Every structure is written in C-alpha cells, then in structure tokens.
Amino acid sequence: MKRICFLIAALTLVGTTMFGQTAKSVLDKAAQTITVKEGVKADFKMTGSFGNTSGSISIKGQKFHATTPAATVWFDGKTQWTYLKSNEEVSVSTPTPAQQQAINPYTFINLYKEGYDCTLNKSGADFVVHLTAKAKDKKIQEMFITVSKQSYQPTQVKMLQGKKWTIFDITNLKKQSIPDSQFRFNAKDFPKAEVIDLR
C-alpha cells in the first residue's frame with residue numbers, strides 16, 4: 001500500500017529563500033504546466049526503496065487517476081478508490097490532508113508555498129530545485145525537483161520520506177481534455193472486484 005501511495009504521490013514540486021524570487025518563478029511555472037483547466041496526462045517510472053514500477057497518471061485540479069501493472073487509483077477530490085489487481089479488491093477511503101500530501105499530486109504542487117526552505121541550482125538544460133522541510137513532522141522531509149529550462153515541465157522528482165528515497169522520472173507530459181468520470185471508480189468495469197469501504 002505504501003508503494004501505491006508513493007507512486008501516486010508524486011509528479012512535480014517547488015519554493016523560496018535566498019534565491020526566493022528565481023526559485024519561486026521556476027516552481028510557479030512548473031505548477032502551471034500541471035494545473036491547466038482541461039487536465040494533463042503523463043507517463044512515469046518509479047525507482048527506489050519501495051520498489052520499481054511504471055505507469056501513467058492523469059491530473060485535473062485536485063483530481064487524479066493513476067495506473068500501474070499492479071494497481072489503479074482514482075481520486076475525485078474527496079474520495080479515493082484503490083484497486084489491487086492481485087486480489088481484485090477495491091479499498092475506498094477519504095484521505096486526510098496529511099495523507100493527501102503523500103498521494104495527491106495537487107497538494108504536492110503546492111508544497112513549496114509553505115513549510116519548506118528552497119535553493120535553486122542549474123544542471124545543463126534543467127533547473128534543479130532543492131526543498132527541505134522546516135518542521136520534522138512533515139511527511140516529505142526533502143525533495144529535488146528537476147524542471148526543464150525550455151518548457152518548465154517537471155522531468156524528475158526525488159523525495160525523501162523517513163529515511164527512504166524514491167525517484168519519479170516523468171515523460172510525455174501533455175494537456176488533454178479529461179472527463180470528470182475518469183477520476184471515479186466505476187463498479188461496472190470491475191464486476192468481480194470486492195469493495196471494502198474504509199471511510
């Protein structure tokens with residue numbers, strides 16, 4: 001379950017301090033590439049201590065839908081459904097703000113606005129933003145966000161939770177009109193699945 005939460009968790013980020021204005025500008029522009037009204041889709045590859053996997057993710061405002069070979073997750077802004085293919089179970093939950101920070105790309109996009117110190121570096125054709133949490137109780141203590149200088153699209157997110165690092169490589173990020181129905185679980189599509197309501 002941690003692996004599934006981590007893989008959704010993430011697809012962009014960014015902050016303020018000595019390089020405040022420059023770093024904030026980069027991060028604001030990176031956030032804009034993900035928060036377009038119609039929605040965006042992207043492919044990702046996750047590597048790290050929680051395992052390796054790949055898949056695709058759709059984002060529209062606070063909503064998201066992610067698919068990997070092992071699981072599918074829907075979040076409509078309030079309710080989350082997690083389908084595990086191995087046992088054909090769907091767990092239904094209402095994530096708390098703290099839980100959303102680890103699984104919802106929308107809250108991740110806004111992390112840099114408060115509670116983090118930030119520095120900005122350049123690496124070839126990319127900006128690299130380093131975020132460190134000001135408080136020890138933050139679920140995500142440290143992050144490195146790589147952003148393309150040309151498109152301002154995030155291309156990699158490296159995050160530290162506890163003492164474990166996870167890296168997300170992001171590709172094929174593009175705008176796409178996504179219907180709201182894609183962010184809700186439809187039982188008709190999974191007739192054999194057992195639904196477990198954890199709310």
Side-chain angles (χ1 to χ4, degrees), residues 1-13 34-35 38-111 115 133 137-143 154 157-173 176-199:
M1 195 64 186
K2 286 183 179 178
R3 177 179 174 183
I4 294 166
C5 289
F6 234 167
L7 86 83
I8 298 179
L11 294 227
T12 55
L13 230 303
I34 294 177
T35 56
E38 315 94 288
V40 296
K41 288 192 174 185
D43 296 323
F44 68 87
K45 181 180 180 182
M46 183 190 84
T47 56
S49 55
F50 285 95
N52 304 330
T53 191
S54 60
S56 62
I57 188 163
S58 301
I59 304 169
K60 185 178 181 182
Q62 297 185 43
K63 307 175 181 71
F64 70 84
H65 173 244
T67 303
T68 72
T72 303
V73 180
W74 300 261
F75 181 72
D76 67 359
K78 180 182 178 181
T79 303
Q80 178 179 306
W81 297 264
T82 304
Y83 170 67
L84 299 179
K85 295 181 180 178
S86 60
N87 56 12
E88 292 201 53
E89 285 185 355
V90 178
S91 59
V92 187
S93 62
T94 303
T96 64
Q99 290 170 331
Q100 287 182 47
Q101 193 174 93
I103 62 174
N104 187 338
Y106 182 82
T107 56
F108 151 125
I109 289 166
N110 289 291
L111 278 182
D137 61 349
K138 288 283 187 182
K139 206 165 186 68
I140 298 172
Q141 280 295 304
E142 190 175 358
M143 296 189 76
V157 176
K158 181 179 179 181
M159 63 175 66
L160 178 67
Q161 255 189 332
K163 296 182 179 180
K164 298 181 178 181
W165 285 97
T166 297
I167 299 172
F168 293 93
D169 290 300
I170 304 160
T171 56
N172 302 320
L173 180 65
Q176 190 166 330
S177 182
I178 307 170
D180 288 342
S181 59
Q182 187 168 331
F183 303 100
R184 292 188 294 269
F185 171 72
N186 188 341
K188 292 180 180 179
D189 296 332
F190 301 86
K192 296 181 179 179
E194 178 185 0
V195 177
I196 302 171
D197 198 330
L198 303 175
R199 292 172 293 182

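Please read all numbers here as calculations on a predicted model, not as lab measurements. Every heavy atom of this structure was used, including side-chain atoms; hydrogens, water molecules and symmetry mates were not.
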Response to the item:
side-chain hydrogen bond (donor to acceptor under 3.5 Å, both in side chains) filter on E142, not counting sequence neighbours, yields H130
Item to complete: Would you mind reporting whether T79 and W74 have side-chain heavy atoms less than 4.5 Å apart?
Response: no
Practice prompt. Considering non-hydrogen atoms only, spot the tightest contact between P154 and I34 and give its length.
Written response: CG-CD1, 3.8 Å
Item to complete: Could you tell me which residues satisfy side chain to side chain contact (heavy atoms under 4.5 Å, CB included) with K41, sequence neighbours excluded, listed by chain and number?
Response: S58, Q176, I178, Q182
Worksheet item: Where do P69 and S54 come nearest, in terms of heavy atoms and distance?
Response: CD-O, 3.1 Å
Worksheet item: So do T82 and Q80 actually touch side chain to side chain, heavy atoms under 4.5 Å?
Response: yes
Worksheet item: At their closest point, which heavy atom of W81 faces which heavy atom of R184, and how far apart are they?
Response: CZ3-CA, 3.8 Å
Worksheet, complete the sentence: salt bridge (charged side-chain N to carboxylate O under 4.0 Å, His left out) filter on D180, not counting sequence neighbours, yields K60
Fill in: Heavy-atom closest contact (V195 atom, F185 atom, distance)
CG2-CE2, 4.2 Å
Discussion item. For a side-chain contact (heavy atoms from CB on, under 4.5 Å) check, start with the C-alpha distance between N52 and K45, then their side-chain angles and the critical distance, and finish with the verdict.
Written reply: CA-CA 8 Å; N52 304 330; K45 181 180 180 182; over 6 Å; no
Worksheet item: Can you tell me how far the CZ atom of F183 sits from the CZ atom of F75, to the nearest 0.5 Å?
Response: 11.5 Å
Item to complete: Return each pair, listed once, that meets side-chain hydrogen bond (donor to acceptor under 3.5 Å, both in side chains) where at least one residue sits in residues 185-197; pairs must be two or more places apart or across chains.
Response: D197-R199
Discussion item. If you apply the rule side chain to side chain donor-acceptor pair (under 3.5 Å), what do you find for E89 with S91, and how did you get there?
Written reply: CA-CA 6 Å; E89 285 185 355; S91 59; over 6 Å; no
Worksheet, complete the sentence: So CD1 of I170 and CD1 of I57: to nearest 0.5 Å the spacing works out to 9.0 Å
Discussion item. With rounding to the nearest 0.5 angstrom, report the CD1 to OG1 distance, I140 to T166.
Written reply: 10.0 Å
Practice prompt. Can you measure from CZ (F44) to CG (L173) and round to the nearest 0.5 angstrom?
Written response: 13.0 Å
Discussion item. If I take atom CZ from residue F190 and atom CD from residue E88, how far apart are they, to the nearest 0.5 angstrom?
Written reply: 9.5 Å
Worksheet item: Which pair of heavy atoms, one from M143 and one from V157, lies closest together, and at what distance?
Response: CE-CG1, 3.1 Å
Practice prompt. Measure the spacing between CE of M159 and CD1 of I167 and express it to the nearest 0.5 Å.
Written response: 11.0 Å
Worksheet item: Sequence neighbours excluded, which residues qualify as side chain to side chain contact (heavy atoms under 4.5 Å, CB included) partners of D137?
Response: A135
Discussion item. Restricting to side chain to side chain contact (heavy atoms under 4.5 Å, CB included), what partner residues turn up for S86, sequence neighbours left out?
Written reply: L84
Fill in: Residue pair P95 / S93: nearest heavy atoms and the distance that separates them
CD-O, 3.6 Å
